[in-house]
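Below: one structure, written as structure tokens.
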2 protein chains.
Amino acid sequence: MAQEQKTLLAATDKLKEYKIKNTPQRQVILSYLMTSHDHPSIEMIFNYVRGNGFSVSLATVYNTLQLLIDNNLIIEIAADSGGHMRYDYFETPHYHVICVNCNKIVDVYNDKYKKNEEDAQLETGFQVFNSQYEVYGLCPECQKKLADNKSY
Amino acid sequence: MAQEQKTLLAATDKLKEYKIKNTPQRQVILSYLMTSHDHPSIEMIFNYVRGNGFSVSLATVYNTLQLLIDNNLIIEIAADSGGHMRYDYFETPHYHVICVNCNKIVDVYNDKYKKNEEDAQLETGFQVFNSQYEVYGLCPECQKKLADNKSY
DNA sequence: TACTTTTCGAGAATAGTTATCAATTACGCA
DNA sequence: TGCGTAATTGATAACTATTCTCGAAAAGTA
Ligand SMILES: [Mn+2]
Ligand SMILES: [Mn+2]
Ligand SMILES: [Zn+2]
Ligand SMILES: [Zn+2]
């Protein structure tokens, strides 16, 4: 069976597991997020779905993403200095290292940062659901690029 | 001397320190951020400045905030589920605990989360400038409110 | 299959943000 | 202190990301 088919089935299973009504649009969007590692924007998701032969509207992409966020299946990252939100399947806890120059997002699979959730709960009395950690800096490529430009 | 005057002077000093050209608008915006603890939105800042007898346009508020962000004087928090950005003077490292129901933002002055910056740098080769940590949950008031509603 | 409910989608409407550009202001320098 | 230049401001237009609308289509249920 093609890989593509497999991930569609995996997405279908997830939807069932979370008792979310199954539709082709939701399958494709979720399977894209489950397999892609590029933290896509709305536009990228929209183009991906249409590019794979499925019909979809922008409104449906927005609705579906909100649904997945509400079900804690994905997270939204405000990482794009162009003001675009980025989306990430969030099964395994990890944090994001973001290049302020090119908007690249790199995953770091280390959940140490999660330990602070307990502190936060004790300190504030909040009932804590989850947390996110973002690190800002310059990626190796942009470091090089900017160093080269300076040496004129 | 009135408190108000003092914080305006403090803001002026900060602007000098960072070699940012001094204007009345920048003074008021920065002094508001330096003293307020409510992580204001653009709209709140705009209203504050006008409410204190200074002329200002929305464009200037946006421009000034971007300038202060670029100088690492303030940070932008994507904490408002209504899609509004919030702004915070960020002299002392701290993280934010955010109520997903009422958008309240509570500061926790504990910089343990910052320790991960070193890991991130080693792991990714990024040149790290700063990092942010956000915890999501329900504030005590909203916990109570929602519990009451359920008990019908 | 028949029925009910949910979702989809095209486009309109909304709202947050950015661009424009002439007038004003800040500030280094004589 | 006063000039000259470059930067900033502000009213508003333009832009663009997101949400709304509502009739049509599809999903789930028995
Ligand atoms: Mn990720
Ligand atoms: Mn804060
Ligand atoms: Zn980069
Ligand atoms: Zn609350």
Send over the distance from [X] [atom1] to [N] [atom2], rounded to a whole Å.
| X | N | atom1 | atom2 | value |
| --- | --- | --- | --- | --- |
| Asn63(B) | dG16(C) | CG | C1' | 14 Å |
| Leu65(A) | dT7(C) | CG | C1' | 15 Å |
| Arg26(B) | dA26(C) | CZ | P | 11 Å |
| Leu15(B) | dT25(C) | CG | P | 18 Å |
| Gln27(B) | dT9(D) | CD | P | 11 Å |
| Leu58(B) | dT18(C) | CG | P | 11 Å |
| Met85(B) | dT17(C) | CE | C1' | 11 Å |

query = So does Glu117(A) pair up with Lys114(A), basic N to acidic O under 4.0 Å?
reply = yes
Taking N or O atoms only and anything under 3.5 Å, show me the protein contacts with nucleotides 19-23 of chain C, one pair per line.
none

ask   = Taking protein heavy atoms under 4.0 Å as touching, what does nucleotides 24-30 of chain D look like 5' to 3' if B marks base contact, S marks sugar-phosphate-only contact and - marks none?
value = ---BS--
Do [X] and [Y] have side-chain heavy atoms sitting under 4.5 Å apart?
| X | Y | answer |
| --- | --- | --- |
| Tyr48(A) | Tyr32(A) | yes |
| Asp88(A) | Ile74(A) | no |
| Ile75(B) | Ile69(B) | no |

query = What does Glu43(A) touch in the nucleic acid at a heavy-atom separation under 4.0 angstrom: a base, only the sugar-phosphate, or nothing?
reply = nothing
request  = Could you give me the CA-CA distance, side-chain angles and deciding distance for Asp107(B) and His39(B), then say whether side chain to side chain donor-acceptor pair (under 3.5 Å) is met?
outcome  = CA-CA 10 Å; Asp107(B) 290 324; His39(B) 308 86; 2.8 Å; yes
Counting only side-chain nitrogens and oxygens, does [X] get under 4.0 Å of the OP1 or OP2 atom of [N]?
| X | N | answer |
| --- | --- | --- |
| Ser57(B) | dA11(D) | no |
| Tyr62(A) | dT19(D) | no |
| Gln66(B) | dT17(C) | no |
| Ser55(A) | dG9(C) | yes |

Would you kindly say whether [X] and [Y] are connected by a side-chain donor-acceptor distance under 3.5 Å?
| X | Y | answer |
| --- | --- | --- |
| His94(B) | Asn110(B) | no |
| Tyr136(A) | Ser131(B) | no |
| Glu43(B) | Asn47(B) | no |
| Tyr133(B) | Gln132(A) | no |
| Asn103(A) | His84(A) | no |

Looking at [X] and [Y], would you say the former's side chain and the latter's main chain have a donor-acceptor pair under 3.5 Å?
| X | Y | value |
| --- | --- | --- |
| Gln25(B) | Ser55(B) | yes |
| Gln143(A) | Leu138(A) | yes |
| Asn116(A) | Tyr113(A) | yes |
| Arg86(A) | Ile42(A) | no |
| Arg26(B) | Thr64(B) | no |

ask   = When you measure from every atom of DNA chain D, which of residues 44-54 of chain B have a heavy atom less than 4.0 Å away?
value =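 Output list: Arg50(B).
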ask   = Which residues in residues 28-39 of chain A have at least one heavy atom lying under 4.0 Å from any atom of DNA chain D?
value =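 Contacts with DNA chain D under 4.0 Å: none.
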message = Can you give me the dot-bracket string for DNA chain D, 5' to 3', counting Watson-Crick and G-U wobble pairs with both distances under 3.5 Å, using [ ] for crossing pairs and | for partners on another strand?
response = ||||||||||||||||||||||||||||||
Distance-only donor-acceptor hits, side chain of residues 11-18 of chain B, under 3.5 Å, sequence neighbours excluded:
residue  : atom : partner  : partner atom : Å
Thr12(B) : OG1  : Leu8(B)  : O            : 2.8
Lys14(B) : NZ   : Glu17(B) : OE1          : 3.3

inquiry  = Walk me through whether Tyr95(B) and Glu134(B) qualify under side chain to side chain donor-acceptor pair (under 3.5 Å).
reply    = CA-CA 6 Å; Tyr95(B) 64 87; Glu134(B) 300 95 33; over 6 Å; no
